[in-house]
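Everything numeric in this text was worked out from a predicted model, so none of it was measured. One-based numbering along the sequence shown. Every number for a ligand or one of its atoms is a count from 1 in the order of the listing.
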Amino acid sequence: MDDTTTRRPCPYCAEDIAAAAIRCPHCRSRLATFDPSAWRRDHAERRVAGVAAAVAHATAVPVGAVRVGFAALTFVHLLGPALYGLGWLLIPRAAGAPSVVERTFGDAEAALRRWRGGEPTPPAPLPGGRTAC
Ligand SMILES: [Zn+2]
């Protein structure tokens with residue numbers, strides 16, 4: 001039995017809902033907790049960098065509405081592209097993987113350590129347990 005067939009009562013309206021639901025289809029209450037570690041950009045709805053899909057999954061807002069929001073914010077001091085770029089930098093591509101910022105600072109720290117003559121740190125393993133050569 002997977003998450004879509006397991007049922008539970010909604011804590012707000014007591015209607016029968018899927019156990020994995022992040023928003024109740026009856027009363028529209030948000031059921032999932034805000035968990036930044038679950039944010040990732042590799043969802044199936046991904047079109048460019050996956051930021052809109054990541055925000056949509058995390059907030060239970062339709063991905064089309066998130067895209068319209070980013071597009072509308074473009075006309076407010078270019079806030080849409082700025083926030084999209086910030087999401088690309090901070091949201092990891094896969095769950096548990098480092099974000100672009102974490103990877104860049106990790107590489108910079110390793111380079112600084114080598115430059116100072118310290119112990120070289122091993123490269124971070126790629127998703128799937130492989131290591132970069
Ligand atoms: Zn409900």
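Atom CZ of Arg93 has 12 or fewer neighbouring heavy atoms from other residues, nucleotides or ligands inside a 6.0 Å radius.
Listed by chain and number, the residues in a side-chain contact (heavy atoms from CB on, under 4.5 Å) with Val68 amount to none (sequence neighbours excluded).
A donor-acceptor pair is defined here as one N or O able to donate and one able to accept, closer than 3.5 Å; such a pair exists between the side chain of Arg41 and the backbone of Ala49. No donor-acceptor pair closer than 3.5 Å links the side chain of Arg40 to the backbone N or O of Pro92.
Atom NE2 of His57 and atom NE2 of His43 lie 4.5 Å apart (nearest 0.5 Å). In this structure, the separation between CG on Leu86 and CG on Leu79 is 10.0 Å, given to the nearest 0.5 Å.
Counting only distances under 2.8 Å, and ignoring water, the protein N, O or S atoms around the Zn ion (ligand 1) are Cys10 SG, Cys13 SG, Cys24 SG, Cys27 SG.
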